[in-house]
Number of protein chains: 2
Amino acid sequence: MGSRKTTPLKDFSLGTHRCSVDLRLEKLGMVPFFDDLDHDELRVINQKFSATHHHADETIYHQDERARMLRVVVHGAVKLVRHTMEGKDVLLDMLEPGEYFGNLSTTGNAVYSETTRAQTDVCILSTRMNDFRSLLNDYPNVAMRVLDITAERLQSSQEKIRHLTTLPVKERIAHILVMLSEKFGEQSAYGLLLQLPLSRKDLADMAGTSTETASRIMSDLQDRNIINTGRQWVAICDIDRLADIADG
Amino acid sequence: MGSRKTTPLKDFSLGTHRCSVDLRLEKLGMVPFFDDLDHDELRVINQKFSATHHHADETIYHQDERARMLRVVVHGAVKLVRHTMEGKDVLLDMLEPGEYFGNLSTTGNAVYSETTRAQTDVCILSTRMNDFRSLLNDYPNVAMRVLDITAERLQSSQEKIRHLTTLPVKERIAHILVMLSEKFGEQSAYGLLLQLPLSRKDLADMAGTSTETASRIMSDLQDRNIINTGRQWVAICDIDRLADIADG
DNA sequence: GCACTAAAATGATCTGGCTCAATTAAGGAA
DNA sequence: TTCCTTAATTGAGCCAGATCATTTTAGTGC
């Protein structure tokens with residue numbers, strides 16, 4: 001494995017990124033609950049959204065802040081974190097372009113139930129919650145899709161609970177890597193590369209374990225040639241064996 | 001503290017239970033997403049539901065079965081369980097009258113993602129998923145409320161993940177007892193009695209621990225006069241101290 | 001009241017994963 | 001190429017909680 005001098009990860013920086021109307025429309029069209037809409041409808045909806053950029057590691061909003069916006073990832077990856085007073089973070093999800101976050105509900109005093117942080121430089125489209133709600137009124141199909149997607153997320157959240165309570169750490173980590181590869185995997189010289197910066201701590205916070213344990217497990221996986229990994233990056237060499245580990 | 005000879009729990013058996021139209025309407029009216037509707041609208045909706053009874057411990061539907069129905073608890077308590085091939089169950093929730101379960105989504109090949117079992121004798125109203133969906137089309141307000149409730153459940157599922165990954169078992173159990181008391185608590189001679197049969201195994205499966213550990217913790221709580229407990233029942237004597245334990 | 005059964009309690013032992021404490025090395029910056 | 005920061009690794013000891021094996025007891029049914 002010769003001497004590498006740079007991350008295999010691509011450059012997410014927004015230096016050149018221009019949020020053209022076309023790009024916005026394209027990304028909005030990728031949002032699962034907008035995929036029934038035609039081009040003209042998307043143009044109308046696009047009006048309601050405004051774009052913002054955030055640098056990697058910047059916090060987009062904080063847990064417990066008053067929740068006013070619904071957002072969509074256009075570029076980059078967003079990390080969804082719930083934290084405890086003791087400073088132990090739980091990493092709930094990593095979002096890719098086309099996924100939404102923020103708040104859906106119009107219940108008066110809603111607050112965000114998690115903190116979201118830019119995992120790379122990101123571009124985000126935001127709309128006021130109320131605008132989004134009236135949009136749901138105008139497009140009942142979209143409302144149904146939003147319901148479906150929320151129900152799906154509930155499912156997978158419950159599946160995560162099952163993992164946390166029944167599986168040993170090694171299986172949990174294997175599982176997480178498989179999931180991430182479905183979202184962020186990209187063929188490369190190093191194997192199926194997860195196209196986002198991903199530290200041992202991130203993995204640990206996702207698996208509900210300590211950084212040290214995550215590190216030991218990753219080392220073991222690398223020794224067995226199942227993955228290939230460096231500082232903040234992971235590539236999967238043998239997805240089948242990894243999947244085997246993931247379910248016992 | 002004298003010698004008790006019978007459970008303090010009330011009798012849930014359906015021997016005498018008759019699902020009169022009035023009772024059905026009352027319970028449907030309690031369902032959070034129907035609470036905007038007036039009496040006449042409820043009567044229409046009621047037509048779409050049919051009632052079934054199940055004895056305690058009976059399975060209502062199995063995980064991975066094809067999901068066709070949406071159901072509402074009318075009488076009794078329903079246990080929501082996800083199980084693993086290794087036979088380790090995870091108890092996701094206990095539902096009280098007025099709560100819904102089953103499937104919301106119309107995605108073609110949906111299957112139930114959990115098993116539901118009658119925790120007591122129960123009476124359930126069911127409707128075909130498709131009928132429910134068209135109902136959501138006819139009553140957009142209801143659709144919005146369903147979305148809100150699903151989003152709320154997602155929140156609390158994520159909060160559960162936080163607990164499982166960051167809190168020690170004792171705190172998790174204390175927390176679960178507090179939650180259950182909000183749903184099932186009822187003043188009684190023994191304290192705030194949880195009005196449902198609840199074994200050490202149920203608690204263990206909710207907290208993601210072993211029956212033995214759950215038992216030890218319950219014994220300790222009883223020794224400290226925080227709870228009062230017997231076979232399949234729990235009463236809370238000192239909810240404040242319990243809440244203190246629940247958050248460190 | 002007595003006997004029976006499944007739930008609960010309890011004891012003893014073992015271990016996965018955590019914590020604390022260094023050490024090593026990857027990869028960006030200059 | 002070298003330096004420097006911070007991520008990652010590795011080791012050693014420890015402990016919460018699991019597991020296994022009994023014993024006890026609550027509560028039901030007779």
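Note on naming: letters A, B, ... go to the chains in the order of the sequence lines (proteins, then strands), and numbering restarts at 1 for each one.
- Crowding of B:Met30 atom CE: a count of heavy atoms from other residues, nucleotides or ligands under 6.0 Å exceeding 12.
- For A:His175, the ring-ring contact (aromatic ring centres under 6.0 Å, His included) partners at least two apart in sequence or on another chain are A:His163.
- The bend of the helix from C:dG1-D:dC30 to C:dA30-D:dT1, defined by the angle between the axes of its first five and last five pairs, stands at 50° to the nearest 10°.
- A donor and an acceptor atom, one from each side chain of A:Thr229 and A:Gln222, are nowhere located under 3.5 Å apart.
- In this entry the distance linking CD of A:Gln232 with P of C:dA25 reads 18 Å, nearest Å.
- In terms of the ring-ring contact (aromatic ring centres under 6.0 Å, His included) criterion, residue partners of B:Tyr100 (sequence neighbours excluded) are, by chain and number, B:Phe33.
- Side-chain atoms of A:Ser157 and B:Gln158 form no donor-acceptor pair, as typed in the model, at a separation below 3.5 Å.
- A side-chain N or O of A:Gln195 and one of A:Glu186 form a donor-acceptor pair less than 3.5 Å apart.
- In this structure, B:Trp233 atom CH2 and C:dA8 atom P are separated by 11 Å, rounded to whole Å.
- Less than 4.0 Å separates DNA chain C from at least one heavy atom of each of the following residues of residues 165-173 of chain A: A:Pro168, A:Val169.
- Applying the side chain to side chain donor-acceptor pair (under 3.5 Å) rule to B:Glu26 yields no partners; only residues at least two apart in sequence or on another chain are considered.
- Side-chain N/O atoms of B:Thr6 include none lying less than 4.0 angstrom from OP1 or OP2 on D:dG27.
- On a pure distance criterion of 3.5 Å, a polar donor-acceptor pair joins the side chain of A:Arg231 and the base of D:dT6.
- In this structure, B:Ile217 places its CD1 atom 14 Å from C1' of C:dT10, rounding to the nearest Å.
- Neither side chain, A:Gln119 nor A:Asp57, offers a donor N or O lying under 3.5 Å from an acceptor on the other.
- Taking 4.0 Å as the cut-off between side-chain N and carboxylate O, A:Lys183 and A:Glu99 count as a salt-bridged pair.
- With rounding to whole Å, B:Met218 atom CE is found 15 Å from D:dA26 atom P.
- The side chain of B:Ser215 contributes an N or O atom lying less than 4.0 Å from OP1 or OP2 of C:dA9.
- Only B:Ser199, B:Arg200, B:Glu212, listed by number, bring a heavy atom of residues 195-212 of chain B to less than 4.0 angstrom from any atom of DNA chain C.
- What separates CG of A:Asp220 from C1' of C:dG17 is a distance of 15 Å, to the nearest Å.
- Salt-bridge annotation for B:Asp205 and B:Lys88: absent, with no side-chain N of the basic residue lying under 4.0 Å from a carboxylate O of the acidic one.
- One can place CD of B:Gln222 at 14 Å from C1' of C:dA7, the figure rounded to the nearest angstrom.
- Across the protein-nucleic acid pair, A:Asp11 atom CG and C:dG27 atom P stand 16 Å apart, rounded to whole Å.
- Using a 4.5 Å heavy-atom threshold, the side chains of B:Phe101 and B:Tyr112 count as separate.
- Regarding contacts with the backbone of C:dG28, a side-chain N or O of A:Thr7 is found under 4.0 angstrom from either OP1 or OP2.
- Between the side chains of A:Arg216 and A:Thr211, no donor-acceptor pair is found at a separation under 3.5 Å.
- Using a 4.0 Å heavy-atom criterion, one finds that A:Ser219 contacts the sugar-phosphate atoms exclusively.
- What separates CD1 of A:Ile227 from C1' of D:dA8 is a distance of 12 Å, to the nearest Å.
- No hydrogens or angles were tested; on distance alone, nothing pairs the side chain of A:Arg216 with the base of C:dG16 as donor and acceptor under 3.5 Å.
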